[in-house]
Amino acid sequence: MEMRETSRRSPATHFVDIHEVPEVEDEEHEEDKPTRTAEKQEKRFNKAIKAREVKKPNRNFSRQVSLETGFSVLNGDKRERKALPRSGKSFGGFGSAYATGAEVRKGDFSIFKTKSTLVKQNSKLPLRKESGVDLQYNDVSGGIDESVNESVPAGRYFAALRGPELDEVKESEDILLPKDEKWPFLLRFPIGCFGICLGLSSQAILWRALATSPATKFLHITPLINLAIWLLALGVLVAVFITYALKCAFYFEAVKREYFHPVRVNFFFAPWVVCMFLAIGVPSSIAPNTLHPAVWCTFMAPIVFLDLKIYGQWLSGGKRRLCKVANPSSHLSVVGNFVGAILAAKVGWSEAGKFLWAIGFAHYLVVFVTLYQRLPTSEALPKELHPVYSMFIATPAAASIAWGAIYDEFDGLSRTCYFIALFLYCSLIVRINFFRGFRFSVAWWSYTFPMTTASIATIKYAEQVPSVVSKGLALTLSFMSSTIVSILLVSTLLHAFVWKTLFPNDLAIAITKRRQGKEKKPLKKVYDIRRWTKQSPLSFVSNIGKHNSAEHNSTDKG
């Protein structure tokens, strides 16, 4: 199939026609003939010009001709074709509208359904082959030649998305689903919804500590508050877990996209951390203080599996190594080990708790150093300021609580971890701009439990060091965390049932594996210059001599 230019009105505008032409003989055979007619010479001249035009990339053409226009021509549609702007509309499952006002096709969301691929979706389109190329897999601007269920590289998320949670698509990017159409609810339900459960379940532990701790005994807090919050957290966990299980059942390809997301992969630890939070903060009226070890085995097994998978990727040095994917939410994958250590001490398995604490502390040091020094190769830390940085507080606070639970004493190491968390807490409070100027999202819930964890650690510290300062600090931090959780709960209810904006289209999971159009590649000359400057003078002279000798030999042969 060959594209021929039929008319040219201006140097910047091209109208093209796509039709079948018979194959032409190779030019090499024509050049060997001794004589040529005027007609063949004119044909050769025209063909050389067309070959150069086809070979040379035309930015106006690749950016203005829509994917639907190409399919319209293949289907025999003779209506007028107009240029469409790039990135104003998404691909929409090959359902973009005609520029002439034709009926708009709705996006095909089956590409993210379980066991569905792009091949299955394209089977609905007319299949035409020319010269061994399947036209239904390629668009005019470069083509979509990959299956949707293939893993998207981590660097692609950084290149196509922006924002603290990498959930906003850049204006220069196109996605596989329509942006101006409301998606099915399950596709709009992100893994970050488990952050709501994290905030509520940690509050249940906090109010249990306030009701039972000797440091706050003078408050006379009733255990009914702990019971009410625990039941609320349990109900929310069941609802979120069932909803996301349905998403796994019907849209498993979208779940895989979230798993490959550098930020959201850490939220796969959240369901099991929430379950352990509920087991730790269970009211005394429902369960005894000592739980059965089977509870710990059930909730800790998925976390160990994820540890082996995620930490293995960090260690192997591949495309998902830590310096490439590290972000503040990476602390969530480490917190699970410390929470598991607390639950292990609660069920009576102190050795298992020590084992988990050691694993968590080792990886916490690596994550903390990587995020703190901001390596030049790390692209995950966004430039925007956001409450995401409160995740720095969660890990040292949980480590201090876990060490105190294992050894039944808030000793020097526990206090060291607690003081680190307290300093990071204060460093965030004095920068109030960190928490201003951003829209509400479900992911904000995940940043409440670090404050609650710091409050619980402060209560434990006040038990070991009873004083007015320690008790006042425990009450202040507890009041702040409970207030923020209450505000977020009200905001969530308003966005969900009044404004109905809690679950917008999840654009982050619909990015393409490769950027559509021409990608900017780094200049090789820069690297050549760097390599040239690093060469020794002797090697530089020898390379010049080899180059000159090669030119001299070629000249002699010529």
Side-chain angles (χ1 to χ4, degrees), residues 198-233 273-274 276-291 335 338-348 350 353 357 393-422 425-426 448-486:
L198 282 172
L200 294 176
S201 59
S202 60
Q203 282 291 306
I205 301 177
L206 174 62
W207 285 94
R208 176 187 170 91
L210 290 173
T212 59
S213 175
T216 58
K217 189 176 182 180
F218 65 95
L219 296 176
H220 302 287
I221 297 177
T222 174
L224 294 178
I225 300 179
N226 165 239
L227 177 62
I229 298 177
W230 190 87
L231 292 176
L232 175 62
V273 175
V274 172
M276 290 190 291
F277 274 160
L278 293 177
I280 296 171
V282 60
S284 302
S285 57
I286 296 180
N289 293 330
T290 303
L291 301 176
V335 168
F338 294 122
V339 178
I342 299 173
L343 184 59
K346 191 176 180 64
V347 301
S350 60
W357 194 94
I393 308 171
T395 311
S400 65
I401 299 173
W403 186 270
I406 293 171
Y407 293 96
D408 200 17
E409 183 183 2
F410 207 81
D411 57 6
L413 185 56
S414 296
R415 298 181 189 185
T416 301
C417 296
Y418 166 69
F419 290 148
I420 294 174
L422 184 62
Y425 200 129
C426 295
T448 59
F449 90 93
M451 306 177 66
T452 306
T453 308
S455 303
I456 299 172
T458 306
I459 294 175
K460 299 296 182 181
Y461 176 74
E463 293 178 359
Q464 293 294 121
V465 186
S467 64
V468 177
V469 176
S470 61
K471 293 181 180 180
L473 184 61
L475 293 180
T476 302
L477 297 183
S478 300
F479 174 77
M480 290 177 58
S481 63
S482 299
T483 302
I484 292 178
V485 169
S486 301

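Because the structure is predicted, anything quoted here is derived from the model rather than measured. When a residue number appears, it is its place in the shown sequence, counting from 1.
Contact check for I280 versus V339: side-chain heavy atoms found under the 4.5 Å cut-off. By the 4.5 Å heavy-atom criterion applied to side chains, F449 and S201 are not counted as neighbours. Under the 4.5 Å side-chain criterion, counting only non-hydrogen atoms from C-beta, T458 is not in contact with T476. Using a 4.5 Å cut-off on side-chain heavy atoms (C-beta onward), L232 and Q203 make no contact. A heavy-atom distance below 4.5 Å is found between the side chains of L219 and L475. Annotation: side chain of F277 is not in contact with side chain of T452 (no heavy-atom distance under 4.5 Å). No side-chain heavy atom of T448 sits less than 4.5 Å from a side-chain heavy atom of L198. The side-chain heavy atoms of I401 and F338, taken from C-beta on, include no pair separated by under 4.5 Å.
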Passes side chain to side chain contact (heavy atoms under 4.5 Å, CB included), I221 versus T216? Steps please.
CA-CA 8 Å; I221 297 177; T216 58; 5.6 Å; no
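Between atom CD1 of residue I286 and atom CG of residue L231 there is a gap of 5.5 Å, rounded to the nearest 0.5 Å. Atom CZ in F479 sits 10.0 Å away from atom CD1 in I484 (nearest 0.5 Å). Rounding to the nearest 0.5 angstrom, the gap separating the CD1 atom in I205 from the CD1 atom in I459 is 11.0 Å. One distance of note links OG of S478 with CG of L473; it measures 9.0 Å at 0.5 Å rounding.
The closest donor-acceptor contact from the side chain of S213 to the backbone of L210 lies at 3.5 Å or more, if one exists at all. A donor-acceptor contact shorter than 3.5 Å is absent between the side chain of R208 and the backbone of P223.
Test S455, P450, S202 against S481 for side chain to side chain contact (heavy atoms under 4.5 Å, CB included) and you get one pass: S455.
Under the 30°/60° scheme for interplanar angles, the aromatic rings of Y461 and Y418 are found to lie parallel.
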